[in-house]
Protein chains: 2
Amino acid sequence: MPDEFLLDEQACFALYAASRAVTDTYRPLLGELGLTYPQYLVLLVLWESDARPVKEIGEALHLDYGTLSPLLKRLEANGLVTRARLPADERTVVISLTEQGRTMRTRASAVPSAIGCALGLDDASRRELITTLRRLTASAAAYSLGGFDAQP
Amino acid sequence: MPDEFLLDEQACFALYAASRAVTDTYRPLLGELGLTYPQYLVLLVLWESDARPVKEIGEALHLDYGTLSPLLKRLEANGLVTRARLPADERTVVISLTEQGRTMRTRASAVPSAIGCALGLDDASRRELITTLRRLTASAAAYSLGGFDAQP
DNA sequence: TCGGGTTACCTTGCGCACGATGTAATCGTG
DNA sequence: CACGATTACATCGTGCGCAAGGTAACCCGA
């Protein structure tokens, strides 16, 4: 029987390595724009729909406050977003794009296609990969929450 | 035409999210053993073949010295590995498992199958995923090195 | 053999990522 | 209305992950 501990047999390590390889590809492109990959992801969320509470951004990216709070303060310090308490609910902080944050979308317009080339996936296999990874993410999340005992 | 900036269309984000979801699954299992996921990966490498220089471990895991040096010192502090200069070449540091490091393999014997269950992949789709991710990793790495101009 | 280049590793600084803890605002219930 | 619970966020500590800058050991050609 095959060794279960073999690195090459583990989807987890392939995933871990691929994820880092991809962000390595983003780094020089985003570096020219003064962005990191997680910061770019936050902008993607805001470009889709602006003026969202921190909570929604966290849900979209699966990131918690401990990660987002300082990240958003850096985006604010760089003049890309503003942070404002909602008058109707002083607990929630709404993140909005500045003019510079909106302009960044144009400046970054070459990024998605460059990455698309770098990964070398045709449209079909890209979609298939996304489907597989989403199923895997959901399965892992379900396991992390309840384990297998949580079934009825 | 579809918006290239849409988060849901990006394989990169699916990859990023899946990778973190998987390490989230490892965390409680490895936490009981006093390990982190990268530390576990180093042990996987050493369980395959013991007494290897830092350089080889780095090549196997695609990690640089800046990441490995402190990580290995933590493993040493926890009594799982030793670090020794090679007499034949005083530059290279050889990492070897301690008795406790070898025992850890037994203690961790339940981890791979637990993760296998959590991910919910049958053997065929697991292998296919690994193949896709390796191709993607190689493609991204090639792009990062030379870009498209590097072609003959 | 000697001096420049290379190699293997270490350290520092910064930015995630996450658990744990704290705080103020809001909600719900008696 | 009071007050305990919940919600939304901030902060702190630890451990990656990577770039940049170091140091000592080794190699190699003149």
Side-chain angles (χ1 to χ4, degrees), chain A residues 13 16-28 30-32 34-43 52-59 61-78 80-81 83-95 140-141 144, chain B residues 13 16-28 30-32 34-42 52-59 61-78 81 83-95 140-141 144:
Chain A
F13 173 65
Y16 167 80
S19 178
R20 282 188 299 116
V22 169
T23 54
D24 280 354
T25 306
Y26 271 103
R27 202 182 317 281
L30 297 179
E32 286 186 20
L35 294 174
T36 65
Y37 183 61
Q39 289 169 11
Y40 173 71
L41 289 179
V42 168
L43 292 182
R52 304 175 74 169
V54 178
K55 178 185 167 66
E56 284 187 22
I57 298 175
E59 285 167 353
L61 301 179
H62 309 166
L63 289 172
D64 67 359
Y65 294 107
T67 301
L68 281 177
S69 279
L71 188 156
L72 292 169
K73 294 186 87 167
R74 281 188 286 271
L75 281 180
E76 185 186 32
N78 294 339
L80 297 170
V81 305
R83 290 150 21 89
R85 295 274 170 185
L86 200 63
D89 185 344
E90 289 284 339
R91 290 172 304 177
T92 88
V93 170
V94 173
I95 308 295
S144 296
Chain B
F13 173 65
Y16 167 80
S19 178
R20 283 188 298 118
V22 169
T23 54
D24 279 355
T25 306
Y26 272 102
R27 203 180 316 280
L30 297 179
E32 286 186 19
L35 293 174
T36 65
Y37 182 61
Q39 289 170 11
Y40 173 71
L41 289 179
V42 168
R52 305 175 72 168
V54 178
K55 178 185 166 67
E56 284 187 22
I57 299 175
E59 286 167 353
L61 300 179
H62 311 166
L63 288 172
D64 68 0
Y65 294 108
T67 301
L68 280 177
S69 278
L71 188 157
L72 292 169
K73 294 187 86 166
R74 281 187 287 271
L75 281 180
E76 185 185 32
N78 293 340
V81 305
R83 290 147 25 87
R85 296 274 169 186
L86 201 62
D89 184 344
E90 289 283 341
R91 291 172 301 178
T92 86
V93 171
V94 173
I95 308 296
S144 296

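So that the names make sense, note that chain A is the first sequence line, chain B the second, and so on, each numbered from 1.
Here the shortest heavy-atom pairing between Val93(B) and Arg83(B) reads CG1-CB, 3.9 Å. Considering every non-hydrogen atom in both Ala21(A) and Ala140(B), the closest pair reads O-CB, 3.9 Å. Taking each heavy atom of His62(B) and Glu59(B) in turn, the nearest pair found is CD2-O, 3.2 Å. Gly34(B) and Asn78(B) make their closest contact through O-ND2, 4.4 Å (heavy atoms, listed as atom of the first residue, atom of the second, distance).
Neither OP1 nor OP2 of dA8(D) sits under 4.0 Å from any side-chain N or O of Arg52(A). Contact annotation: Arg85(B) side-chain N/O to dA25(D) OP1/OP2 distance is not under 4.0 Å. For the pair Tyr16(B) and dA17(C), the criterion of a side-chain N or O lying under 4.0 Å from OP1 or OP2 is met. OP1 or OP2 of dC16(C) sits under 4.0 Å from a side-chain N or O of Arg74(A). The phosphate of dC16(C) (OP1 or OP2) has a side-chain N or O of Thr36(A) nearer than 4.0 angstrom. Considering only side-chain N and O atoms, Lys73(B) lies under 4.0 angstrom from the phosphate OP1 or OP2 of dT11(C).
Closest-nucleotide positions on DNA chain C for Gln39(A) and Leu68(B) were compared, and the one nearer the 5' end corresponds to Leu68(B). Both Val94(A) and Asp89(B) lie close to DNA chain D; mapped to their nearest nucleotides by heavy-atom distance, the more 5′-ward contact belongs to Val94(A). Projected onto DNA chain D by closest heavy-atom contact, Asp24(A) and Arg83(A) fall at different nucleotides, the more 5' of which corresponds to Arg83(A).
Classified by interplanar angle (parallel below 30°, tilted 30° to 60°, perpendicular above 60°), the ring pair Tyr16(A)/Tyr37(B) is perpendicular.
In this structure, the nucleotide among dC16(C), dT6(C), dT11(D) sitting nearest to the side chain of Pro38(A) is dC16(C). Nearest to the side chain of Tyr65(A), among dC18(D), dA8(D), dA8(C), sits dA8(D). The side chain of Arg20(A) approaches dC18(D) more closely than any other nucleotide in the set dT26(C), dC10(C), dC18(D). Checking dT26(C), dT6(C), dC18(D) against the side-chain heavy atoms of Glu90(A) singles out dT26(C) as nearest. Comparing atom distances between the Lys55(B) side chain and each of dG15(C), dA8(C), dG17(D) picks out dA8(C) as nearest.
Counting non-hydrogen atoms under 4.0 angstrom, Thr67(B) reaches a base of the nucleic acid. Among the heavy atoms of the strands lying under 4.0 Å from Thr92(A) are primed sugar atoms or P, OP1, OP2 only; no base atom is included.
Spacing between atom CG of Leu71(B) and atom P of dC16(D) amounts to 4 Å, rounded to whole angstrom units. Distance, Leu30(B) CG to dA17(C) P: 19 Å, rounded to whole Å. Distance CG (Asp64(B)) to P (dC9(C)): 12 Å, rounded to an integer number of Å. Computed from coordinates, the Leu72(B) CG to dT11(C) C1' distance equals 15 Å when rounded to whole Å. Rounded to whole Å, atom P of dC14(C) lies 16 Å from atom CZ of Arg27(A). Here the P atom of nucleotide dC16(D) and the OH atom of Tyr26(B) are 15 Å apart, to the nearest Å. Atom P of nucleotide dC10(C) and atom CG of Leu63(B) are separated by 14 Å, given to the nearest angstrom. As a whole-Å value, the separation of Glu56(A) CD from dA8(D) C1' is 12 Å.
Side chains of Arg27(A) and Asp24(A) form a contact here, defined as non-hydrogen atoms less than 4.5 Å apart.
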